[in-house]
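Encoded as structure tokens, the structure appears first; notes follow it.
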Protein chains: 2
Amino acid sequence: MSIRQATRRKILELGEDLMQKRGFNAFSYHHISSELGIKNAAIHYHFPSKESLGRQIIKNTHERFSKWISHPEHRVLPVAEQLDWLIKIYQYNLEKENRVCLIGSLATDYYTLPLSMQAGIRKLSADVQNWLAQLLEGGRQQGVLSFEGKSRDKALTILTSLAGSLQLARLLGNEMFHKVVEQIHLDLKLTY
Amino acid sequence: MSIRQATRRKILELGEDLMQKRGFNAFSYHHISSELGIKNAAIHYHFPSKESLGRQIIKNTHERFSKWISHPEHRVLPVAEQLDWLIKIYQYNLEKENRVCLIGSLATDYYTLPLSMQAGIRKLSADVQNWLAQLLEGGRQQGVLSFEGKSRDKALTILTSLAGSLQLARLLGNEMFHKVVEQIHLDLKLTY
DNA sequence: GATTTAATTTACTTATTAGTAAGTATATTA
DNA sequence: TAATATACTTACTAATAAGTAAATTAAATC
């Protein structure tokens, strides 16, 4: 693989960061090129259109998620630890200079996005939702957590809360994220 | 008042709508002027800068909220109905072609916003948070609802969930909003 | 070492953006 | 009805955006 594609990887990393910090419409190729010390046209070589860059960023995030949840080591972890893993992703974004999650960022931009990006982010959010619903259902059956209602609805409530708290943390301070996480735990009566 | 300021009001209405549908960076004066059948410069007459327009939209939303929560008729309503009123605001946005809430929209745009708008949206979100925390605390003391933990943390969990669900509803369908609302009610063990 | 492929720069284009200055029409008021 | 604000339009500017074509450099392969 050598040095080739190194710029491509840097573009993707920075693009992801910019999307989660500023949103898809509020970053330009110039943000990336100036940071990396290259020219705009170099980015167009790797990603002919901004849409293609956005698509790939969504794809990468989706693949990271899919690989992880299907990983043998991960699947045997206790429910509480799998939930913690999900929360750690959000916490990682919080600590990376208050990124919001990719889904939340693209959801507010949604109607301004190219159709291929809309489809990509829809698929990702559906997968996350399904995974968490299954995890909660399993946990309830095992008796390590408890909640009222359908596991799918509870999953949605938690996911929206996590996404929303990354956003509100920008306005109200980062401590509130941890309080929301604590509250989610309380609401689940989680036992470790 | 006559016909004067009618255009100004229409600009503010449309601006608010665009901010909640597309975000602050993804709408231009052209979106407004073409829709209203006027010229861009007419908007600049009423709002010299986009920042001044954005500021006023936040201010209006804040004033609507403040007026309502301090209204004598509203303050004597049962806790459950006051909570319903809050949820109805979100539902109204959902039904208005999937607007997201102003706070959520501006939170994802936050680092790209003029400082005056950042300050405005911070104040608004703090006020909403404080109001809901007090409402929940009162409700718990009255025994019409119950939850674990601090009322402030529970308020944050609910607010983030509502904001997040307007966003996720764009990706996963509007039914999920109602499910999240149902789940919030279940989690509060609310009695009417 | 020559050739081919990959990666990048230079130099553009076209479109859109917020914003301005000067002039014109429409009300309102003295 | 003349004077005066108010509410615009016309006609710009300057900046920034994404994207392209052609030339150039760097790297890998034959």
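Being a predicted model, the structure only gives us computed values, none of them experimental. We name chains A, B, ... by the order of the sequence lines, and we start the count at 1 in each one.
With hydrogens and angles left out, the side-chain atoms of A:Gln183 and B:Thr157 include no donor and acceptor closer than 3.5 Å. A donor-acceptor contact closer than 3.5 angstrom links the side chains of A:Thr108 and B:Thr108. Side-chain contact annotation: A:Asn130 with A:Gln134, donor-acceptor N/O pair under 3.5 Å absent.
Taken over five-pair windows at either terminus, the axes of the helix from C:dG1-D:dC30 to C:dT13-D:dA18 are inclined to one another by 10° (rounded to 10 degrees).
With a 4.5 Å cut-off on side-chain heavy atoms, A:Glu137 and A:Lys150 do not count as touching. Contact annotation: the side chain of B:Thr160 never approaches that of A:Thr160 to less than 4.5 Å [non-hydrogen atoms, C-beta and beyond]. Taking 4.5 Å as the limit, every side-chain heavy atom of B:Lys189 sits out of range of all side-chain heavy atoms of B:Leu145.
The side chain of A:Tyr29 has D:dA18 as its nearest neighbour among C:dG19, D:dA18, C:dT9. Of the listed nucleotides (D:dT9, C:dT17, D:dA21), C:dT17 has the atom at the smallest distance from the side chain of B:His31.
Applying salt bridge (charged side-chain N to carboxylate O under 4.0 Å, His left out) to B:Glu16 and the options B:Lys21, B:Arg64, B:Arg9 leaves one that passes, B:Arg64.
Rounded to an integer number of Å, the gap from A:Gln5 CD to D:dA28 P is 12 Å. Computed from coordinates, the A:Phe47 CZ to C:dA7 P distance equals 11 Å when rounded to whole Å. The CD atom of A:Glu51 sits 9 Å away from the P atom of D:dG19 (whole-angstrom rounding). Taking atom NZ of A:Lys50 as the reference point, atom P of D:dT16 lies 15 Å away to the nearest angstrom. If you take CD1 of A:Ile38 and C1' of C:dA6, they are 14 Å apart, rounded to a whole angstrom. One atom, CD1 of B:Ile11, and another, P of C:dA18, lie 13 Å apart when rounded to the nearest Å. Rounded to an integer number of Å, the gap from A:Ile32 CD1 to C:dT9 P is 14 Å. The CG atom of A:Asn40 sits 9 Å away from the C1' atom of D:dA17 (whole-angstrom rounding).
Backbone-only contact: B:Phe27 has heavy atoms under 4.0 Å from sugar-phosphate atoms and none from a base.
Between C:dT8 and A:Lys39, no contact under 4.0 Å exists linking OP1 or OP2 to a side-chain N or O. Taking only side-chain nitrogens and oxygens, A:Tyr45 comes nearer than 4.0 Å to OP1 or OP2 of C:dA7. A sub-4.0 Å separation between OP1 or OP2 of D:dA7 and a side-chain N or O of B:Thr7 is absent. At D:dA17, one or more side-chain N or O atoms of A:Ser28 fall inside 4.0 Å of OP1 or OP2 (strictly under the cut-off). The phosphate of D:dC8 has OP1 or OP2 within less than 4.0 Å of a side-chain N or O from B:His46.
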